[in-house]
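Everything numeric in this text was worked out from a predicted model, so none of it was measured. By convention in this document, chain letters (A, B, ...) are assigned in the order of the sequence lines, proteins followed by strands, and residues within each chain are numbered from 1.
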There are 2 protein chains.
Amino acid sequence: MSRILLIEDDHAVRVGLATALGRYGHDVVATATGEEGLRRHAQDAAELVVLDLMLPGIDGFEVCRRIRAAGTVPIVMLTARGDDIDVVSGLEAGADDYVVKPVEPRVVDARIRAVLRRAAPAAPGRTSAWGDLVIDRAAMTVTRAGRPVAMTPTELRLLLELSASPGQVLSRQQLLRTVWEHSYLGDSRLVDNGVQRLRAKIETDPSSPVYIQTVRGFGYRFGPV
Amino acid sequence: MSRILLIEDDHAVRVGLATALGRYGHDVVATATGEEGLRRHAQDAAELVVLDLMLPGIDGFEVCRRIRAAGTVPIVMLTARGDDIDVVSGLEAGADDYVVKPVEPRVVDARIRAVLRRAAPAAPGRTSAWGDLVIDRAAMTVTRAGRPVAMTPTELRLLLELSASPGQVLSRQQLLRTVWEHSYLGDSRLVDNGVQRLRAKIETDPSSPVYIQTVRGFGYRFGPV
DNA sequence: CCGTTCTGCGACACGGTTGCGACACGGCGA
DNA sequence: TCGCCGTGTCGCAACCGTGTCGCAGAACGG
């Protein structure tokens with residue numbers, strides 16, 4: 001069901017839990033130390049981490065914090081029986097749930113499913129990608145080749161408007177109305193200027209634009225070539 | 001990282017994208033037709049579906065609708081270049097995101113991660129952790145670097161509201177409605193002020209905030225850029 | 001090939017938006 | 001009743017965004 005990283009130093013527990021979770025349909029990678037676990041996680045992040053607190057070397061809290069710092073992967077902790085100090089500290093370190101030892105694979109599996117279920121839904125916003133240009137309408141961010149592009153409000157509105165009708169020519173008047181909310185009828189260099197500023201940010205070579213094409217006499221058209 | 005179902009009839013694209021996504025750490029199941037994809041999805045639901053629009057037999061729209069009807073799995077669509085009809089219809093059929101062909105594996109991977117990241121948190125789980133900031137929704141407590149942060153009711157509501165939609169921009173109006181339960185339409189500095197007070201408590205350096213970003217002209221955004 | 005029109009682009013100053021400190025009001029507890 | 005804490009409001013200052021202007025160069029038509 002899910003790719004799980006298990007970090008547990010006790011050999012018997014590690015092997016037993018790993019095989020059991022495997023039988024429950026999970027894809028388990030098991031490591032014996034925090035260092036090894038962090039390394040594995042860094043190169044191929046799991047969807048959920050099952051983490052023992054008592055570890056040689058880097059202890060569970062530290063591992064937890066580091067994984068938390070790196071992303072939002074859910075973490076299920078394994079703690080010694082009834083040790084509520086562990087529990088509190090664990091939750092503070094960013095664990096999502098904990099299971100008290102001795103572990104019952106069935107219980108761990110139930111917790112894992114519960115945590116994953118909790119983490120599952122929520123409505124994602126809508127983003128779009130054009131070539132290496134990514135527009136995230138929910139976060140109001142634009143990235144090019146993986147790098148974030150700082151956008152001003154007007155530039156962003158203009159880009160959103162253009163990209164909402166890809167391949168279609170939008171006249172200056174249309175853009176003026178929708179982006180600037182002006183109802184000018186006379187000519188204005190506003191749109192030209194806006195497009196120029198936008199190009200300067202998203203085009204590799206503004207003199208031969210890839211994303212925003214000039215259609216002489218009519219307006220502008222968005223669309224990767 | 002995640003179990004992904006890829007539905008794409010073009011052999012070259014399918015194989016290329018599948019192997020590339022595999023290298024990026026995803027667990028890819030690839031099918032050539034909508035029927036096959038739906039069958040696979042029914043017997044073992046993926047965490048995310050990458051779906052081509054142009055398919056023989058059942059087309060992408062229909063597949064999209066059926067997957068949507070069956071659950072809340074995020075869907076990333078692959079559409080022909082600049083075909084805005086595709087894009088609009090795709091979003092209407094329930095796609096969360098779309099990428100314009102020709103596809104760049106890196107871009108598709110980025111989109112997948114973005115969609116999953118957005119889909120992941122926000123659930124009303126007990127605690128959520130962002131860097132060294134831990135928000136416990138059950139206990140209504142906030143700790144930073146292990147130390148409890150004293151919060152006033154309004155500040156806490158604001159923080160909960162913002163952190164409930166991480167990575168998403170929330171407008172002042174939205175926040176005014178949800179946090180203050182006002183239905184102002186005129187402008188008000190209430191939200192600005194609330195954010196400022198909140199930042200003073202949770203940000204190390206309020207002048208360069210880490211958790212709550214100002215998105216000029218749009219509102220505020222919680223979480224990673 | 002030349003002239004006209006349209007567009008790209010840099011410069012600059014104005015205005016809006018935001019951050020931030022200060023203050024006043026009101027509710028709750030002592 | 002008094003005092004404190006939380007919160008709404010106001011005003012100021014700074015910064016950033018943006019509208020405007022002018023010129024040069026490209027594109028297009030004759």
Side-chain angles (χ1 to χ4, degrees), chain A residues 140 142 149-162 169-222, chain B residues 140 142 149-162 169-222:
Chain A
M140 293 293 194
V142 176
V149 181
M151 303 283 284
T152 69
T154 306
E155 287 163 3
L156 193 49
R157 279 200 303 276
L158 177 57
L159 180 59
L160 291 178
E161 188 62 28
L162 285 168
V169 176
L170 298 175
S171 71
R172 291 177 171 73
Q173 304 252 352
Q174 278 179 287
L175 292 170
L176 218 45
R177 248 187 296 121
T178 54
V179 177
W180 280 265
E181 294 174 4
H182 285 185
S183 46
Y184 269 122
L185 280 171
D187 75 327
S188 146
R189 309 298 311 285
L190 253 178
V191 180
D192 298 71
N193 228 301
V195 168
Q196 181 223 333
R197 281 168 172 150
L198 186 51
R199 277 181 180 152
K201 294 200 172 175
I202 65 171
E203 299 282 359
T204 310
D205 177 13
S207 61
S208 62
V210 173
Y211 298 110
I212 303 176
Q213 317 287 338
T214 302
V215 182
R216 203 184 163 83
F218 293 94
Y220 296 95
R221 177 183 54 214
F222 180 90
Chain B
M140 289 293 200
V142 177
V149 180
M151 304 281 283
T152 69
T154 307
E155 288 162 3
L156 191 52
R157 277 201 305 277
L158 177 57
L159 179 59
L160 291 178
E161 189 62 30
L162 285 168
V169 173
L170 299 176
S171 72
R172 290 177 171 73
Q173 305 249 353
Q174 279 179 286
L175 292 170
L176 217 46
R177 248 186 296 119
T178 54
V179 178
W180 280 266
E181 294 174 4
H182 284 187
S183 48
Y184 269 122
L185 279 172
D187 76 327
S188 146
R189 309 298 310 284
L190 253 178
V191 180
D192 298 70
N193 230 300
V195 169
Q196 183 218 336
R197 282 168 172 150
L198 186 51
R199 275 182 181 152
K201 293 199 173 177
I202 64 171
E203 298 282 358
T204 311
D205 177 13
S207 62
S208 62
V210 173
Y211 299 110
I212 303 177
Q213 316 283 341
T214 300
V215 183
R216 205 165 227 271
F218 292 96
Y220 295 95
R221 178 180 53 213
F222 180 88

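In this structure, A:Phe218 and B:Tyr220 both approach DNA chain C, and ranking their closest nucleotides by distance from the 5' end singles out A:Phe218. Nearer to the 5' terminus of DNA chain D, by closest-nucleotide assignment, is the contact made by B:Thr152 (compared with the other of A:Thr152 and B:Thr152).
For B:Arg216 and C:dT17, a side-chain-to-base donor-acceptor distance below 3.5 Å is present, hydrogens and geometry of angles not being considered. For B:Asn193 and D:dT9, a side-chain-to-base donor-acceptor distance below 3.5 Å is present, hydrogens and geometry of angles not being considered. Between the side chain of A:Arg197 and the base of D:dG17, no donor-acceptor pair of N or O atoms lies under 3.5 Å.
Rounded to whole Å, atom P of C:dG19 lies 12 Å from atom CG of B:Leu198. Taking atom CG on A:Leu156 and atom P on D:dG17, their separation rounds to 12 Å, with Å as the unit. Distance CG (B:Asp192) to P (C:dG21): 14 Å, rounded to an integer number of Å. Rounded to whole Å, atom P of D:dT18 lies 14 Å from atom CG of A:Leu176. Look at CD on B:Gln196: it is 15 Å from P on D:dG6, rounded to the nearest Å. Here D:dG6 presents its C1' atom at 17 Å from CG of B:Leu159, a figure rounded to the nearest Å. Following rounding to the nearest Å, B:Lys201 (NZ) and D:dC5 (C1') show an atom-to-atom distance of 10 Å. In this structure, the CZ atom of A:Arg189 is 11 Å from the P atom of C:dC9, given to the nearest Å.
Within the 4.0 angstrom heavy-atom criterion, no nucleotide atom of any strand lies near B:Gly194.
Between B:Arg197 and B:Glu155 there is no salt bridge, since no side-chain nitrogen of the basic residue lies less than 4.0 Å from a carboxylate oxygen of the acidic one.
Under 3.5 Å, the side chains of B:Arg172 and B:Tyr220 contain a donor-acceptor pair of N or O atoms. A side-chain N or O of A:Arg199 and one of A:Thr214 form a donor-acceptor pair less than 3.5 Å apart. Side-chain contact of A:Thr152 with A:Arg157: a donor-acceptor pair under 3.5 Å is absent, judged by distance alone.
One finds a side-chain N or O of B:Thr214 lying less than 4.0 angstrom from the OP1 or OP2 phosphate oxygen of C:dG19. Under 4.0 angstrom from either OP1 or OP2 of D:dT18 there lies no side-chain N or O belonging to A:Trp180.
The distance from the CZ atom of A:Phe222 to the CG atom of A:Leu159 is 6.0 Å, given to the nearest 0.5 Å.
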